Asker: 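One structure, pasted below without further comment.
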Amino acid sequence: MAVDIPSVPLPGGASLPQIGIGVFQVPPDDTANVVRTALEAGCRHIDTAQMYRNEAGVGQGIRDSGLAREDVFVTTKLANDAHGHDNAITALEGSLERLGTEYVDLYLIHWPLPGRGKFLRTWEAFDELQKAGKTRAIGVSNFRPEDLDRLAEHGGPLPEVNQIELHPAFQQRELSEYHRAHGIVTEAWSPLGQGRVLGAAVLADLAGKHGRTPAQIVLAWHLRRGRVVFPKSVHAERIRENLDVADIELDEAELAAIDGLDEGRRLGPDPSTFEG
Ligand code: NDP
């Protein structure tokens with residue numbers, strides 16, 4: 001199926017499709033089927049993690065789709081118990097084995113775990129892994145401005161991506177501005193607010209006006225604001241619906257109406273206190 005999905009260039013040269021599918025909480029036994037369904041619907045970007053325990057299913061789904069490995073952008077993330085230089089390298093070897101691939105497209109530090117004080121050494125390993133061709137791009141997730149500052153002061157490359165919780169009810173404007181100023185791509189996790197923000201009247205109105213669903217309106221808003229998203233669904237209809245949004249034209253007033261839904265309310269853990 002042909003769907004129109006724009007890509008964003010990453011500083012290291014990789015090209016990241018702006019819409020993908022996330023597989024957090026997709027049961028390992030269902031993952032291959034979900035991934036194949038998404039790829040058949042035109043998706044070319046899969047977001048998994050060592051802690052999701054379904055990397056093997058992601059690899060299987062890609063092989064089942066018949067697509068060439070280089071046609072799919074695969075992200076995985078370092079498990080919280082694998083921080084540190086040598087552990088980070090060994091952990092990626094494990095991911096590559098489970099995925100059945102020679103490289104990933106993007107390797108992220110899943111959480112900064114600031115209390116443990118290890119992410120600078122971890123990041124040195126990420127730099128080496130990219131230079132060795134084991135990952136095409138490197139980035140972080142759930143990093144705060146002060147964590148990003150520490151990476152910058154430490155030297156070495158800046159993350160190409162920071163994957164953060166971001167949806168209409170929690171928009172993280174200050175952090176997004178930091179990303180813009182430093183050339184870091186913002187990936188929005190839980191882009192639909194885990195489905196819990198979709199009942200807002202503003203979204204129902206816009207959905208009616210554009211003849212689309214509230215979920216599609218939210219995803220189109222993310223795209224127009226320059227973010228990368230990978231909504232999770234295990235349902236084929238929703239998987240297709242979520243990929244089919246790039247043609248939705250929201251004007252500035254409509255975008256601003258969704259901006260106005262920000263409640264500063266997290267659904268997930270706070271990186272300042274979360275220790276894994
Ligand atoms: P999402 O915002 O993607 O919401 C997923 C929920 O919305 C599911 O319950 C899904 O149900 C439902 N849903 C999906 N599509 C639709 C639709 N079109 N209409 C109505 N409901 C819909 O939340 P997630 O927390 O799953 O986040 C997405 C991805 O972000 C994860 O899979 C993961 O890859 C990443 N993530 C990263 C984190 C990090 O720390 N880096 C933390 C959390 C997530 P159903 O499946 O039944 O269709």
Side-chain angles (χ1 to χ4, degrees), residues 10 12 14 16 20 22-28 31 35 45-62 73-144 146-165 184-185 187 189-190 230 232 268-276:
L10 295 180
L16 172 59
V23 293
F24 178 42
Q25 292 173 326
V26 177
T31 304
V35 166
H45 168 190
I46 317 290
D47 186 272
T48 184
Q50 290 158 5
M51 292 192 290
Y52 300 169
R53 304 193 172 281
N54 55 20
E55 290 171 310
V58 170
Q60 190 59 50
I62 295 171
F73 191 105
V74 180
T75 299
T76 197
K77 315 185 194 84
L78 178 83
N80 287 336
D81 65 2
H83 267 266
H85 177 275
D86 294 358
N87 284 346
I89 289 175
T90 308
L92 183 58
E93 288 301 336
S95 285
L96 297 180
E97 209 164 290
R98 288 185 292 276
L99 287 159
T101 178
E102 301 286 313
Y103 67 95
V104 290
D105 295 280
L106 177 60
Y107 192 30
L108 302 177
I109 299 182
H110 205 148
W111 288 90
L113 311 177
R116 295 195 209 168
K118 283 186 167 178
F119 69 70
L120 294 177
R121 282 294 284 148
T122 306
W123 189 244
E124 289 169 10
F126 271 51
D127 185 20
E128 290 169 29
L129 286 164
Q130 184 178 32
K131 289 186 173 125
K134 302 282 182 186
T135 179
R136 295 192 64 214
I138 52 175
V140 295
S141 176
N142 299 302
F143 273 47
R144 307 160 303 164
E146 55 262 53
D147 303 322
L148 296 167
D149 282 342
R150 288 194 65 204
L151 284 183
E153 286 156 14
H154 190 61
L158 271 185
E160 296 174 68
V161 163
N162 189 14
Q163 183 180 124
I164 58 172
E165 179 177 348
I184 298 169
V185 171
E187 289 194 338
W189 64 253
S190 295
F230 24 83
K232 169 262 178 189
D270 183 340
S272 299
T273 49
F274 183 66
E275 286 301 325

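Predicted, not measured: the structure shown is a model, and the values here were computed from it.
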Asker: Working note: W111 + H83, criterion side-chain contact (heavy atoms from CB on, under 4.5 Å); need CA distance, chi angles, decisive distance, verdict.
Answerer: CA-CA 10 Å; W111 288 90; H83 267 266; 5.6 Å; no
Asker: Checking Q130 against T135: is there a side-chain donor and acceptor pair closer than 3.5 Å?
Answerer: no
Asker: Check this for me, if you would: do D147 and R144 make a salt bridge, where the nitrogen-to-carboxylate-oxygen distance has to be below 4.0 angstrom?
Answerer: yes
Asker: Is the closest side-chain heavy-atom distance between I46 and F73 below 4.5 Å?
Answerer: no
Asker: For N142 and W189, what are the C-alpha separation, side-chain angles and deciding distance, and is it a side-chain contact (heavy atoms from CB on, under 4.5 Å)?
Answerer: CA-CA 10 Å; N142 299 302; W189 64 253; 2.8 Å; yes
Asker: When you compare the side chains of T76 and E55, does any donor N or O come within less than 3.5 Å of an acceptor on the partner?
Answerer: yes
Asker: Quick one: does K134's side chain get under 4.5 Å of E102's, heavy atoms only?
Answerer: no
Asker: Decide yes or no for V104 and T75: does some side-chain heavy atom of the first lie under 4.5 Å from some side-chain heavy atom of the second?
Answerer: no
Asker: Under the 3.5 angstrom rule, does the side chain of E160 hit a backbone N or O of V185 as a donor-acceptor pair?
Answerer: no
Asker: With heavy-atom distances below 4.5 Å as the criterion, would you say the side chains of E128 and I89 are in contact?
Answerer: yes
Asker: Tell me if a side-chain donor or acceptor on R136 pairs with a main-chain N or O of Y103 at a distance below 3.5 Å.
Answerer: no
Asker: Before you tell me yes or no, could you show the steps for E187 and L106 under side-chain contact (heavy atoms from CB on, under 4.5 Å), namely the whole-Å CA-CA distance, both residues' side-chain angles and the distance that decides it to 0.1 Å?
Answerer: CA-CA 12 Å; E187 289 194 338; L106 177 60; 3.7 Å; yes
Asker: Say whether H110 and S141, considering side chains only, have a donor N or O and an acceptor N or O under 3.5 Å apart.
Answerer: no
Asker: Is a side-chain N or O of E165 found less than 3.5 angstrom from the main chain of S190, in a donor-acceptor match?
Answerer: no
Asker: Do any N or O atoms from the side chain of T31 and from the backbone of P27 form a donor-acceptor pair under 3.5 angstrom?
Answerer: yes
Asker: Do you see a donor-acceptor pair shorter than 3.5 Å between the side chains of T48 and N54?
Answerer: yes
Asker: Show your reasoning for whether side-chain contact (heavy atoms from CB on, under 4.5 Å) applies to K77 and Q163.
Answerer: CA-CA 10 Å; K77 315 185 194 84; Q163 183 180 124; 3.2 Å; yes
Asker: Please enumerate all residues that pass ring-ring contact (aromatic ring centres under 6.0 Å, His included) together with F126, with sequence neighbours excluded.
Answerer: Y107, W123
Asker: Hey, does V58 have a side-chain heavy atom less than 4.5 Å from the side chain of L99?
Answerer: yes
Asker: Answer yes or no: is there an ion pair linking K232 with D47, defined by an N-O contact shorter than 4.0 Å?
Answerer: no
Asker: Does some side-chain heavy atom of L78 sit less than 4.5 Å from a side-chain heavy atom of Q50?
Answerer: yes
Asker: Below 4.0 angstrom, N of the basic side chain to O of the carboxylate: do R121 and E124 qualify?
Answerer: yes
